[in-house]
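What's counted below: heavy atoms across the whole structure, side chains too, no hydrogens, waters or symmetry copies. Since we're looking at a predicted model, the values are computed, not measured. In what follows, every chain begins at residue 1, and chains take the letters A, B, ... in the order their sequences are listed.
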Protein chains: 2
Amino acid sequence: MSALSRQRGLSRSTEDYLKTIYELETRDGAAQTSAIADALAVAPPSVSGMVKRLSDSGLLAHVPYRGVQLTQVGRRTAMRVLRRHRILEKYLTAKLGYDWDSVHEEAERLEHAVSDELIERMAMALGNPEFDPHGAPIPTKDGTVAVPEVTSLSEVPVGETAELRLVSDKDSELLRYLRSLGLRLGVVFEVVSRQPFRGPITIRFAAPPQDEEVVGYELAQSLGCVIRGDEVG
Amino acid sequence: MSALSRQRGLSRSTEDYLKTIYELETRDGAAQTSAIADALAVAPPSVSGMVKRLSDSGLLAHVPYRGVQLTQVGRRTAMRVLRRHRILEKYLTAKLGYDWDSVHEEAERLEHAVSDELIERMAMALGNPEFDPHGAPIPTKDGTVAVPEVTSLSEVPVGETAELRLVSDKDSELLRYLRSLGLRLGVVFEVVSRQPFRGPITIRFAAPPQDEEVVGYELAQSLGCVIRGDEVG
DNA sequence: TTCCATGTTTAGCCTTAACTAATAATATTG
DNA sequence: CAATATTATTAGTTAAGGCTAAACATGGAA
């Protein structure tokens with residue numbers, strides 16, 4: 001049992017595959033071999049090999065040439081890994097002074113080494129948070145997540161006021177850039193203009209200096225917002 | 001590069017071997033193949049194989065059939081792992097409510113996954129502690145450790161008053177038992193009697209109820225004490 | 001409908017790190 | 001000092017999890 005990661009008995013790789021497949025599945029509806037390979041930075045044949053092992057152990061269902069789906073067991077495992085990841089991110093930022101652009105990498109390694117006990121202790125110390133530092137919902141202990149109800153900034157109509165609620169934790173360069181623009185979670189702004197043909201979007205912050213900033217369409221697509229008025233909680 | 005553990009580029013196994021060899025070297029003067037195998041719960045041929053790899057990478061010097069010694073590089077690496085382990089133990093007990101009998105296992109896994117940055121942040125949050133929860137000195141960032149100046153309880157003369165300063169973190173059963181006897185770090189007691197032929201030792205706690213307890217010789221050997229009067233710091 | 005691009009899988013190889021069985025070196029003891 | 005017991009090493013296997021190169025599906029365009 002060379003690279004096994006403690007009590008759960010699943011290797012680091014196994015956990016990474018399950019987590020990635022879960023994310024692709026919820027984003028794209030299905031997980032293609034090449035998408036998994038891209039996300040994990042491995043070659044496609046490595047994915048085929050692992051998919052074989054994982055479906056042999058009942059963690060996912062594989063239709064050759066068609067893609068992959070998590071089984072019940074696989075999904076539960078993925079959720080546990082995701083919970084560990086997000087609690088870790090929250091803990092590191094809240095208690096140890098990490099910034100939102102540097103936690104991902106650290107959590108990525110720790111999520112395979114921490115025990116469930118440690119995660120629950122951290123969650124307790126944090127008051128059982130519902131969201132990680134990037135706005136992603138933290139799965140509960142029993143494996144349920146709220147699907148976040150957000151609108152891409154790229155789809156917020158001109159004139160509306162919105163609040164930034166969700167960003168991706170993957171690209172730390174991008175996160176640093178967002179921070180430099182003043183785009184932190186919870187910040188409120190109005191959409192001033194939107195150029196056509198997927199052009200840039202201008203926003204004005206609601207808070208005092210009321211600065212304007214221009215963000216590219218691609219970037220705007222990756223920013224999850226809640227429009228003021230559609231607000232639920 | 002299957003099971004490599006992040007930036008340092010050393011696998012989990014590699015780090016475990018180096019740490020174990022360091023501990024054996026300082027305890028027994030040298031590290032025998034079979035002692036390493038015992039400590040890591042692997043078969044002796046596995047040790048021979050790893051020793052080959054490690055000495056090929058310049059982390060230790062191996063004289064066949066004679067044993068093994070860390071090189072400068074190997075020792076520095078071992079110290080970094082040990083620092084990570086002990087800071088983790090201290091952090092988990094001080095900040096997350098772990099007891100001294102349950103931290104070892106957790107730290108054993110985490111020590112291979114945490115970054116040096118995280119360890120330094122934890123150390124900072126703890127006020128740069130010098131000792132872990134079992135009394136073991138924490139190596140500094142530059143790789144130096146104080147050799148603890150303690151006497152086995154088994155060698156404290158009758159009539160002397162001593163303070164418990166150091167216990168092994170390895171056996172959690174034992175640690176629970178010690179706690180149940182009231183034998184925590186810093187506790188002060190007098191040696192009331194010592195039976196001959198490696199027989200049991202009776203102590204009386206200095207603190208109010210002044211209970212007496214009897215501990216076996218073997219156990220007493222593993223308890224590091226400082227005799228009151230010999231006290232330095 | 002055949003052909004081609006794209007994407008997937010198979011075949012075959014490598015490294016790490018474990019194992020067992022067999023052999024070799026060292027230590028102990030009669 | 002030889003015989004035996006202990007300890008270490010070599011030989012050969014296994015499983016995970018990567019890789020490249022080659023073969024195989026599938027779906028869109030000619």
Side-chain angles (χ1 to χ4, degrees), chain A residues 1-6 8-21 24-25 28-69 77 81 108-109 112-113, chain B residues 1-6 8-21 24-25 28-69 77 81 108-109 112-113:
Chain A
M1 52 172 74
S2 56
L4 290 194
S5 82
R6 109 297 2 231
R8 288 178 287 280
L10 295 176
S11 70
R12 196 216 146 117
S13 272
T14 298
E15 292 187 343
D16 276 336
Y17 273 88
L18 292 175
K19 194 181 55 159
T20 296
I21 290 166
L24 290 172
E25 219 177 81
D28 308 349
Q32 312 291 120
T33 298
S34 52
I36 302 169
D38 276 8
L40 291 170
V42 298
S46 307
V47 175
S48 290
M50 181 58 103
V51 160
K52 181 103 194 358
R53 280 188 293 276
L54 292 177
S55 56
D56 285 355
S57 10
L59 292 162
L60 45 82
H62 178 221
V63 184
Y65 290 94
R66 275 288 142 68
V68 120
Q69 266 200 310
T77 306
V81 181
E108 199 67 14
R109 276 178 279 104
H112 309 293
Chain B
M1 53 171 72
S2 57
L4 290 193
S5 82
R6 107 302 356 235
R8 288 177 287 278
L10 295 177
S11 71
R12 197 215 144 114
S13 273
T14 299
E15 291 187 344
D16 276 336
Y17 273 87
L18 292 175
K19 193 181 56 159
T20 297
I21 290 166
L24 291 172
E25 219 178 81
D28 307 348
Q32 312 291 119
T33 298
S34 53
I36 301 169
D38 276 7
L40 292 170
V42 298
S46 308
V47 175
S48 289
M50 182 57 105
V51 159
K52 181 106 196 353
R53 281 189 292 277
L54 292 178
S55 57
D56 284 355
S57 11
L59 292 162
L60 45 81
H62 177 222
V63 184
Y65 290 94
R66 277 288 140 70
V68 120
Q69 266 200 310
T77 306
V81 180
E108 199 68 12
R109 278 179 279 103
H112 308 293

* Structure fact -> Closest non-hydrogen contact found for A:Val42 with A:Tyr17 is CG2-OH, 3.7 Å
Expressed as a whole number of angstroms, how long is the span from [X]:[atom1] to [N]:[atom2]?
{"X": "B:Leu10", "N": "C:dT16", "atom1": "CG", "atom2": "P", "result": "12 Å"}
{"X": "A:Asp38", "N": "C:dT8", "atom1": "CG", "atom2": "C1'", "result": "14 Å"}
{"X": "B:Asp28", "N": "D:dT7", "atom1": "CG", "atom2": "P", "result": "14 Å"}
{"X": "A:His112", "N": "D:dG17", "atom1": "NE2", "atom2": "C1'", "result": "14 Å"}
{"X": "A:Leu54", "N": "D:dG18", "atom1": "CG", "atom2": "P", "result": "10 Å"}
{"X": "B:Arg12", "N": "D:dA16", "atom1": "CZ", "atom2": "P", "result": "18 Å"}
{"X": "A:Leu18", "N": "D:dG17", "atom1": "CG", "atom2": "P", "result": "11 Å"}
{"X": "B:Asp56", "N": "C:dT15", "atom1": "CG", "atom2": "C1'", "result": "14 Å"}

Side-chain N or O of [X] closer than 4.0 Å to phosphate OP1/OP2 of [N]:
{"X": "B:Gln32", "N": "D:dT7", "result": "no"}
{"X": "B:Ser34", "N": "D:dA8", "result": "yes"}
{"X": "B:Arg53", "N": "C:dA17", "result": "yes"}
{"X": "B:Ser48", "N": "D:dT9", "result": "yes"}
{"X": "B:Ser46", "N": "C:dA17", "result": "no"}
{"X": "A:Ser13", "N": "D:dA16", "result": "no"}
{"X": "B:Arg66", "N": "D:dA8", "result": "no"}
{"X": "B:His62", "N": "D:dT9", "result": "yes"}
{"X": "A:Tyr17", "N": "D:dG18", "result": "yes"}
{"X": "B:Thr33", "N": "D:dT9", "result": "yes"}

What's the spacing between [X] [atom1] and [Y] [atom2] if we round to 0.5 Å?
{"X": "A:Asp38", "Y": "A:Thr33", "atom1": "CG", "atom2": "OG1", "answer": "11.0 Å"}
{"X": "A:Met50", "Y": "A:Leu60", "atom1": "CE", "atom2": "CG", "answer": "10.0 Å"}
{"X": "B:His62", "Y": "B:Asp56", "atom1": "NE2", "atom2": "CG", "answer": "11.0 Å"}

* B:Arg109 versus A:His112: any side-chain heavy-atom pair under 4.5 Å? ->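 Sidechains of A:His112 and B:Arg109: no contact.
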* **B:Leu10 and B:Thr77, any side-chain heavy atoms less than 4.5 Å apart** => yes
* Asked: Considering only C:dA17, D:dT20, D:dT9, which nucleotide approaches the side chain of A:Ala43 most closely?
  -> D:dT20
* Asked: Where the side chain of A:Tyr65 is concerned, which of D:dC19, C:dG7, D:dT10 is the nearest nucleotide?
  ->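 Ranking D:dC19, C:dG7, D:dT10 by closest atom to the A:Tyr65 side chain puts C:dG7 first.
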* Asked: Between A:Ala41 and A:Pro64, which is nearer to the 5' end of DNA chain D once each is assigned its nearest nucleotide?
  -> A:Ala41
* Which sits closer to the 5' end of DNA chain D, B:Val51 or A:Met50, going by the nucleotide each is nearest to? -> B:Val51
